[in-house]
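Data block below; observations after.
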Amino acid sequence: MSFKGIALALALLVPAAAYSQGNVHGSLESNTVYDDETSSPYHGFHSNNYLRLDYMKGHLSAGLQGEWYPSPLPGYDRSLHGFGVPFKYVSLETGKWSVRLGDFYDQFGSGLVLRSWEDRDLGIANSLGGVRFTGSFLDDRLYLTVLSGAPRQGLSYAKSLVSGADATLDLGALSFGSSLVARTERAQDEDMALLLGEDAPKSVLMYSGRVKFVRGPFHTKAEMVLKSRDFTAVHNATGSDSYILEGGRAFTWDFMYSSKKLLASVTYRYLYNMDFAARRTLGTKVLSNTLNYLPALCKQQTYMLACLNPYETYSEGESGFAGSVFYHPSWLKGLAFHMGGSWIDALGKVLPLRETNYLAYRDIYFDATYRWSRKLKTTLYVSIQENSPTHGNRKATNAQNVFVLDGTYKLSSKYSIHTELQYLYSQELTKDWMAALLELGMAPNWSFSISDMYNHGSTKDHYWNVNASYNQGGFRIMAGYGRNREGMVCSGGVCRYQPEYKGAFIKAQWMF
Amino acid sequence: MKNRILLILAAFVSLSLNAQTLPDVKVEDPAGKAVSTRSLLDGKSPFVITFWASWCKPCQRELAAIEEAAPDWAGKYPLRIYAVSVDDSRSIAEAKALAASSEWPVTVLFDTKQALKQALKVTSIPHVFVYDKNGKLVWNHMGYIPGSEDELLQKVLETE
């Protein structure tokens, strides 16, 4: 959208807001990094900026999101450059139905067939631009969604169309759902034609059925997905890619038992050829080009050293289990145990160098939190991980054992100290690491922290950071300086590559 | 380019902004039943919505602090707190287990499709919102620092 277009939209929106008793609200966010290493390819300023405005009056709402990337942050999609308004909409909603024209986010089922969402930390924003209808019928027992739109790509739209429908039937303890999604590339992609000739199908369909059952302490749900013939690039350990052209399938099953003191959950998931990209030749390594949601099955680690080498889903083919148990013993108030683990195999039939399944990732973790008093709480965390760097193409794996002691002490009603001491033991890759964090909180506005992550195994590198943040109501600003390690930044089980950089950063958010 | 952005911003800020009302979107209760956010309004008392996730440690520290402070607050106000999990399909089982095993004095809801998170423009968690009895937003706060739960209670007490 040009600046004239934005001005026109504002010319309509602003008077409407001013004179119609509706309300306008919004948010502003700015993330800026200055890499001061002259030898770095990212030397200089980089900034991602977002302005979101919404207008609401009764059943009507409208809004837009302007984004400005003078130079995108290190690790973000480099096609994000300049200024644009990639998200704008008008909606009419009642309690029973809604119609939206413009851009929207949505998810069918668990997201295996469709998930459009925004996560600024990951650089994901795969909204669809078009039209969407939702409605509830049969006393809210039947919920329908029908949509069609072009996926966002950069600050514009991809040359593909996504259309779909989803229905959920709620029968009380039992509910059923089904989805159908079609993606059609409007123009035959030249790169794809070179690779596969006329065999590459322009349209790919995804179908899914799901069921959920809840009774007393038992919860269980399952979803099955079939995908029509599509091609997938298989990245093998030798560095050269090969391609498969066939259908895909997925199956997930969750089970949970909950009683007052003991809770247990287990998940099984099978994936085969489940990449679903807005533009296939761009691939799903560009996160915003992904149309479905295939998060890592294992626990998302949050401590610095525990997430040093995170697992990423092998969407070409994997199967695995994950489970966890929570236990609050009645004999010691204030103590909570949590343990769990996962085991994920890469499917042999998609591994160019193998025929049988090989381990892709497994872990076991344990944490115990004890509240000593209203002032002091400590957590002991242990995570034992084994990861295949080739996603199962070769038998060799890397093992690492992470130990964390985490404590928070309230000095007074306003002042608190939070510390973390971490150690990673490994005989592979860069061997042993240690890390420490010290954070001073001055409620309700100020927080200061200093951290260092040090490899004393082989590289002897320090990755240190000093941060300060100020919060006041809907305003938050955080600034810091430090050296950031190259690696994967993960959120919600999805990971983005983050190159190494050293310098200052500032993040400001304002909601109004 | 900066001038254009400032112009857009100034146009909106210059408006007499009315308080944001709670949007009507669907979330889920622990049994997976759809819950309309409009049903949170009782027309009698203010309420709090706080966003959390099973992988967000500051969020869990905030909820634990509310749990610890709840006995002190109990006599002062009939506080209604809705803790909305933004865990997705991968981690929702863990979030449900964590919520069920805790003694947080809150009603836990699940925003698995992130519809409420989007509608309230939440981009990082924890993020807490205080609404009056009619569903008008009166205060919001990003992040959690131990002790800031006292400010939350103060804002609720100031809200009619």
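Since this is a predicted model, take the numbers as computed values, not measurements. Excluded from the calculations below are hydrogen atoms, water molecules and symmetry mates; all remaining heavy atoms, backbone and side chain alike, are included. Numbers restart at 1 for each chain; the letters A, B, ... are given by sequence-line order, proteins then strands.
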> Do A:T408 and B:R61 have side-chain heavy atoms sitting under 4.5 Å apart?
Replying inline: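 With C-beta onward as the side chain, the pair touches.
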
> Under a 4.5 Å cut-off applied to non-hydrogen side-chain atoms, are B:D88 and A:R115 in contact?
Replying inline: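 The answer is yes; the side chains approach within 4.5 Å.
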
Just how far is it from atom [atom1] of [X] to atom [atom2] of [Y], taken to the nearest 0.5 Å?
{"X": "B:S124", "Y": "A:M478", "atom1": "OG", "atom2": "CE", "value": "8.0 Å"}
{"X": "B:E68", "Y": "A:S373", "atom1": "CD", "atom2": "OG", "value": "8.5 Å"}
{"X": "B:K117", "Y": "A:Y105", "atom1": "NZ", "atom2": "OH", "value": "10.0 Å"}
{"X": "B:K113", "Y": "A:F108", "atom1": "NZ", "atom2": "CZ", "value": "7.5 Å"}

Tell me, for [X] versus chain A, whether the close heavy atoms (under 4.5 Å) come from the side chain, the backbone, both or neither.
{"X": "B:Q154", "result": "neither"}
{"X": "B:N140", "result": "both"}
{"X": "B:S91", "result": "neither"}
{"X": "B:L98", "result": "both"}
{"X": "B:E94", "result": "both"}

> Is B:E149 salt-bridged to A:K410, going by a charged N under 4.0 Å from an acidic O?
Replying inline: yes

> Is the shortest side-chain N to carboxylate O distance from A:E420 to B:K57 below 4.0 Å?
Replying inline: no

Given the options [options], which has more heavy-atom pairs under 4.5 Å with chain B than any of the others?
{"options": "A:S98, A:G323, A:G172, A:S136", "result": "A:G172"}
{"options": "A:S416, A:A264, A:A322, A:S469", "result": "A:S416"}
{"options": "A:P70, A:A336, A:G26", "result": "A:G26"}
{"options": "A:E223, A:H418, A:H219, A:K299", "result": "A:H418"}
{"options": "A:G474, A:S265, A:G340", "result": "A:G474"}
{"options": "A:K414, A:K212, A:Q107", "result": "A:Q107"}

Under 4.5 Å from any heavy atom of chain B, what part of [X] do you find: side chain, backbone, both or neither?
{"X": "A:S61", "result": "neither"}
{"X": "A:E118", "result": "both"}
{"X": "A:M511", "result": "both"}
{"X": "A:M442", "result": "backbone"}
{"X": "A:D406", "result": "side chain"}
{"X": "A:S324", "result": "side chain"}
{"X": "A:K221", "result": "side chain"}
{"X": "A:T302", "result": "side chain"}
{"X": "A:R371", "result": "side chain"}
{"X": "A:S110", "result": "both"}
{"X": "A:Y409", "result": "neither"}
{"X": "A:R374", "result": "both"}

>> For a quick check under 3.5 Å, do A:Q509 and B:T123 share a side-chain donor-acceptor pair by atom type?
In response: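 A pair is found: one side chain offers a donor N or O, the other an acceptor, under 3.5 Å apart.
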
Does [atom1] belonging to [X] count more than 12 external heavy atoms closer than 6.0 Å?
{"X": "B:R38", "atom1": "CZ", "result": "yes"}
{"X": "B:K26", "atom1": "NZ", "result": "yes"}
{"X": "A:K333", "atom1": "NZ", "result": "no"}
{"X": "A:Y415", "atom1": "OH", "result": "no"}

Identify the two heavy atoms, one from [X] and one from [Y], that lie closest to each other, and give their separation to 0.1 Å.
{"X": "A:K377", "Y": "B:A64", "result": "NZ-CB, 3.4 Å"}
{"X": "B:K96", "Y": "A:L263", "result": "O-CD2, 4.5 Å"}
{"X": "B:T21", "Y": "A:M56", "result": "OG1-CE, 3.8 Å"}
{"X": "A:P444", "Y": "B:I145", "result": "O-CD1, 3.9 Å"}
{"X": "A:G95", "Y": "B:D24", "result": "CA-OD2, 4.2 Å"}

> Is it true that a side-chain atom of A:N471 and a backbone atom of B:M142 form a donor plus acceptor pair closer than 3.5 Å?
Replying inline: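 Flag set: sc A:N471 to bb B:M142 pair under 3.5 Å.
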
Return the option, out of [options], with the maximum number of heavy-atom pairs under 4.5 Å with chain A.
{"options": "B:P30, B:P23, B:G147", "value": "B:G147"}
{"options": "B:E151, B:K121, B:H127, B:H141", "value": "B:K121"}
{"options": "B:S54, B:S148, B:A97", "value": "B:A97"}

